Amino acid sequence: MSVPDLRRTESTFALSNGHIGMRGTLDEGEPRGLPGTYLNGFYEEHSLPYGEAGYGYPEAGQTVVNVTDGKVIRLLVEDEPLDMRYGRALEHERELDFRTGTLRRRTVWESPTGRKITVTSERLVSFTQRAVAAIHYVVEPEDDLQLVVQSDLLANEPVEERSGDPRVAAALDSPLVAEYSWAEGKRAVLAHHTRHSGLRVAAAMDHELTVADGLRAHIHAEDDLARFTAAADVPAGDSLRMTKYLGYGWSAQRSVPALRAQVEAALAGARQTGWEGLLAEQRAFLDDFWEVADIEVDGDDELQQAMRFALFHILQAGARGETRAVPGKGLTGPGYDGHAFWDSEMFVLPVLTYTVPDAARDALRWRHSTVDKARERAQVLGQRGAAFPWRSINGAECSAYWPAGTAAFHVSGGIAHAVAQYQAATGDEEFDRECGTELLVETARLWMSLGHHDKHGGFRIDGVTGPDEYSAIVDNNVYTNLIAQKNLREAAEACARNPATATALEVHADERTAWQEAAMRMRIPFDALLGVHQQAEGFTAHAEWDFPGTAREDYPLLLSKPYFDLYRKQVIKQADLVLAMHIRGDAFTAAEKAANFAYYEARTVRDSSLSAGTQSVLAAEVGALQLAYDYLGEAAFTDLHDLHDNVHNGLHMASLAGAWIGVVAGFGGMRDHSGLTFAPRLPPGLDRLAFRMSYQGTRFSVAITRGEATYQIVSGGPLRTAHHGETVVVERGVPVTLPVPDPPTPPEVRQPANREPVRRVPG
């Protein structure tokens with residue numbers, strides 16, 4: 001297997017619990033593509049590059065660090081190391097099991113001198129014991145053989161340069177400075193700190209071994225390496241079995257002794273539970289998850305697998321983050337430097353809100369923990385309220401390109417949207433008081449500072465960048481204005497619900513009135529001549545992009561065309577106004593949605609993995625069901641088919657979430673503008689589509705066939721919803737089946753030349 005292939009599979013087979021992330025490298029550590037073990041929130045700082053600096057430009061960047069690697073277990077067979085590049089792999093398979101939450105591997109290997117062994121291993125990152133990972137490793141020889149296993153903790157693992165910026169490369173060249181090493185018996189601990197960010201990390205390992213007799217073992221530790229070595233003569237038909245337990249912890253404040261105590265306590269808990277106990281806990285956790293989150297696709301087995309792959313990795317990204325962000329790549333690789341973007345709130349958190357709401361709450365609590373940094377950023381920019389960062393690990397802005405970073409203030413509105421969505425879906429009064437209201441208030445204050453009332457009676461928000469990064473510094477971006485409008489209204493309502501919190505935040509009645517007035521007068525540009533909304537003021541008057549003259553190999557355009565040209569033309573990187581019609585569909589008529597979708601479909605090139613899921617939703621709503629199905633497939637297979645040629649750096653959490661959104665909001669027609677409603681339709685080619693969700697403590701399923709949809713309670717109280725506009729109450733034990741009306745006649749749509757959705761060949 002080539003290095004690029006290895007890198008892709010290492011991302012695909014990654015394990016995580018939202019706190020620890022381990023790429024799916026082979027147990028032996030080599031051959032490898034891009035090794036990686038990550039801890040959520042653990043990073044190194046480096047200077048940001050500027051040709052010309054300016055006031056308010058962020059000074060420091062942050063990059064996720066490959067921490068101490070505990071996955072490595074080397075095997076020597078009569079002096080010959082097991083290495084898939086040598087000898088012969090007679091059989092080799094790996095399996096990521098979504099039910100057990102483990103990565104399994106089975107290899108039958110013949111050494112260059114003809115000795116045969118079978119190696120089986122199983123690896124997990126625990127959902128229930130947050131700081132723990134474990135590996136069960138079994139070697140079965142075909143003949144009497146001497147076997148030696150070497151189990152490592154390895155810091156500052158050599159990694160090929162993964163950035164074109166020499167500042168980043170320098171920061172990640174041996175980023176960990178040794179502080180402590182200890183080994184005794186079968187246990188070892190290493191502690192390090194980063195050179196610049198000053199964060200401290202500890203990693204520990206312990207082992208259990210089973211072998212017939214004659215075992216010899218020793219352990220040693222040095223600055224960047226701890227190694228446990230065990231040798232045994234193993235007869236044919238017997239085996240050497242080893243369970244390796246790993247504990248990880250990091251802190252910006254705690255001492256080495258405190259971190260050592262933490263990771264050793266994690267090991268003690270893991271040893272007490274044991275390997276079989278960890279497996280049982282993992283399975284029980286996932287059984288509960290699939291009860292509330294599973295998606296069933298009858299008629300497309302490949303899509304069925306892709307949907308469960310997407311759900312499993314979204315769960316891994318957020319399950320135990322606990323007041324940390326959900327990075328754009330999760331913890332599957334170093335892509336995007338490990339940063340969190342608006343992807344988290346607008347794509348990933350809806351999935352978590354309706355399946356694992358505690359994980360969504362914790363991700364929003366992380367945003368709340370950074371509100372002081374966001375206030376400081378707003379002040380630097382001459383604004384009030386809180387300006388949350390475009391990209392960050394610790395809450396400070398890390399984007400060096402301000403037109404697509406700082407100016408994309410919609411990230412703050414997205415956080416407010418996620419707060420309101422979570423609150424409506426859960427009724428979490430404690431979160432509302434302690435975190436949610438403050439986030440809504442401070443983001444509302446930002447919009448009041450950014451915007452102004454014009455002489456024509458409208459409230460304008462000028463000089464911002466919307467979701468479409470091929471348009472920058474625009475006036476009255478519809479998506480931004482509509483999400484700000486909702487933000488202002490939700491802030492006023494939150495203050496009414498929580499008067500004590502409002503008082504503490506010094507919100508007075510006149511400020512709430514001003515929010516409501518600005519929301520009512522929000523400018524939403526519309527081109528009366530063309531009969532469509534303008535993505536931003538003046539957008540429909542821009543010159544058209546020469547799509548027929550743009551070669552397929554020129555995409556993505558940001559790598560082949562100057563931004564100056566992109567900014568002046570009607571070419572759209574990713575769903576922008578179309579996203580507004582999903583998130584704020586209550587602000588558009590059905591006729592407007594159809595006309596807008598057709599207009600913007602012809603100008604959207606999908607140079608972002610965020611786009612296909614959203615386009616699937618609106619295509620389904622306007623009746624273009626085959627197109628919606630094609631876009632759903634593109635979102636679902638972005639990573640499995642490596643459609644953007646960058647899976648080697650990690651999976652795209654937002655695209656994986658976009659597949660869920662395409663099913664639930666697209667073909668399920670789920671909307672939460674006011675309460676929870678559905679308008680389900682089955683796409684062509686499928687026999688049945690079903691999904692599960694949680695809403696206000698009730699778990700339920702929606703099953704769609706060609707002519708009807710069935711709503712059924714899985715657990716909890718009754719569900720009050722609507723089906724294609726008809727009010728429905730679903731009681732436990734009494735499924736409700738209703739007819740599905742014919743879809744509307746879709747508008748005539750086309751894509752730019754060479755940018756049609758990626759369609760799969762059946763089978």
Side-chain angles (χ1 to χ4, degrees), residues 48-58 341-342 346 374 377-392 397-414 443 446-454 458-485 487 518 522-527 533-545 556-559 561-580 600 603-605 607-608 610-611:
L48 285 173
Y50 294 107
E52 294 183 18
Y55 179 77
Y57 284 18
F341 296 78
W342 71 299
M346 296 310 298
R377 181 65 177 155
Q379 290 172 6
V380 168
L381 298 173
Q383 308 299 319
R384 295 185 64 236
F388 286 91
W390 177 243
R391 57 188 301 167
S392 183
E397 180 63 80
C398 289
S399 175
Y401 185 63
W402 68 269
T406 295
F409 288 101
H410 68 83
V411 65
S412 295
T443 47
L446 175 68
W447 297 122
M448 295 303 294
S449 182
L450 283 169
H452 71 280
H453 290 274
D454 64 20
F459 187 82
R460 304 176 58 88
I461 302 176
D462 296 333
V464 299
T465 299
D468 170 27
E469 294 157 22
Y470 288 170
S471 299
I473 320 302
V474 299
D475 296 342
N476 294 312
N477 171 255
V478 169
Y479 172 86
T480 301
N481 284 18
L482 284 176
I483 208 164
Q485 182 185 63
N487 191 164
M522 190 67 68
R523 287 274 297 162
I524 308 299
F526 186 82
D527 187 326
H533 285 83
Q534 299 183 70
Q535 179 173 288
E537 206 163 72
F539 179 83
T540 53
H542 288 180
E544 297 282 359
W545 185 267
L557 297 178
L558 76 163
L559 299 182
K561 306 296 180 182
Y563 271 111
F564 171 72
D565 202 23
L566 294 169
Y567 288 166
R568 299 165 61 244
K569 304 286 179 61
Q570 290 191 56
V571 55
I572 301 165
K573 181 181 181 183
Q574 63 205 65
D576 188 311
L577 187 102
V578 172
L579 179 61
Y600 288 96
R603 292 159 176 81
T604 302
V605 297
D607 280 351
S608 165
L610 301 180
S611 199

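Fair warning: this is a prediction, and the values are worked out from it, not measured in the lab. Only heavy atoms go into these numbers, but all of them, side chains included; no hydrogens, no water, no symmetry mates.
- The shortest side-chain heavy-atom distance between Leu566 and Leu557 falls under the 4.5 Å cut-off.
- The backbone N or O of Ala575 sits less than 3.5 Å from a side-chain atom of Ser611, completing a donor-acceptor pair.
- In this pair, Phe341 and Trp390 present their aromatic rings perpendicular. The plane angle is above 60°, beyond the 30 to 60° band.
- Residues meeting the side-chain contact (heavy atoms from CB on, under 4.5 Å) test with Tyr57, sequence neighbours left out: Tyr50, Trp402.
- Looking only at distances, no side-chain donor or acceptor of Ser449 sits under 3.5 Å from a matching main-chain atom of Gln383.
- Counting heavy atoms from C-beta outward, Met346 and Ile483 have side chains that approach closer than 4.5 Å.
- Taking NE2 from His533 and OH from Tyr600, the interatomic distance works out to 9.0 Å, rounded to the nearest 0.5 Å.
- Each of Asp468, Val474, Val478 was compared with Gln535 under the side-chain contact (heavy atoms from CB on, under 4.5 Å) criterion, and only Asp468 meets it.
- Here Leu577 contributes atom CG and Leu482 contributes atom CG; the two are 8.5 Å apart, rounded to the nearest 0.5 Å.
- In terms of heavy-atom proximity, Ile461 sits nearest to Ala484 at CD1-CB, 3.8 Å.
- Considering only heavy atoms from C-beta on, Arg523 stays 4.5 Å or farther from Asp475 through its side chain.
- Closest of all the heavy-atom pairs between Pro389 and Ser392 is CG-CB, 3.7 Å.
- Minimum heavy-atom separation, Ala378 to Ala387: CB-N, 3.8 Å.
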*asked:* Please determine whether ring pair (Phe, Tyr, Trp, His ring centres under 6.0 Å) holds for the pair His410 and Trp447, giving the CA-CA distance in whole Å, both sets of side-chain angles, and the decisive distance to 0.1 Å.
replied: CA-CA 10 Å; His410 68 83; Trp447 297 122; 8.9 Å; no

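- Rounding to the nearest 0.5 angstrom, the gap separating the CZ atom in Arg603 from the NE2 atom in His542 is 12.5 Å.
- Looking only at side-chain heavy atoms (C-beta outward), Arg460 and His453 stay at 4.5 Å or farther from each other.
- Residue Asn481 holds its CG atom at 4.5 Å from CG of Asn476, rounded to the nearest 0.5 Å.
- The two residues Ala386 and Ser412 have their closest heavy-atom pair at O-OG, 3.6 Å.
- Scanning both residues, Met448 and Ala518, for their nearest heavy atoms gives SD-CB, 3.6 Å.
- With sequence neighbours excluded, the residues that form a salt bridge (charged side-chain N to carboxylate O under 4.0 Å, His left out) with Glu469 are Lys573.
- Closest of all the heavy-atom pairs between Trp342 and Gln574 is CZ2-NE2, 3.6 Å.
- Using a 4.5 Å cut-off on side-chain heavy atoms (C-beta onward), Tyr470 and Val605 make contact.
- Side chains of Tyr567 and Pro403 form a contact here, defined as non-hydrogen atoms less than 4.5 Å apart.
- Taking the side chain as every heavy atom from C-beta outward, Phe409 and Phe388 never approach each other to under 4.5 Å.
- With rounding to the nearest 0.5 angstrom, the CD1 atom of Ile473 is 9.0 Å from the OG1 atom of Thr406.
- When the side chain to side chain donor-acceptor pair (under 3.5 Å) test is applied to Gln485, the partners found at least two apart in sequence or on another chain are Arg584.
- Atom OG of Ser471 and atom CG of Asp576 lie 7.0 Å apart (nearest 0.5 Å).
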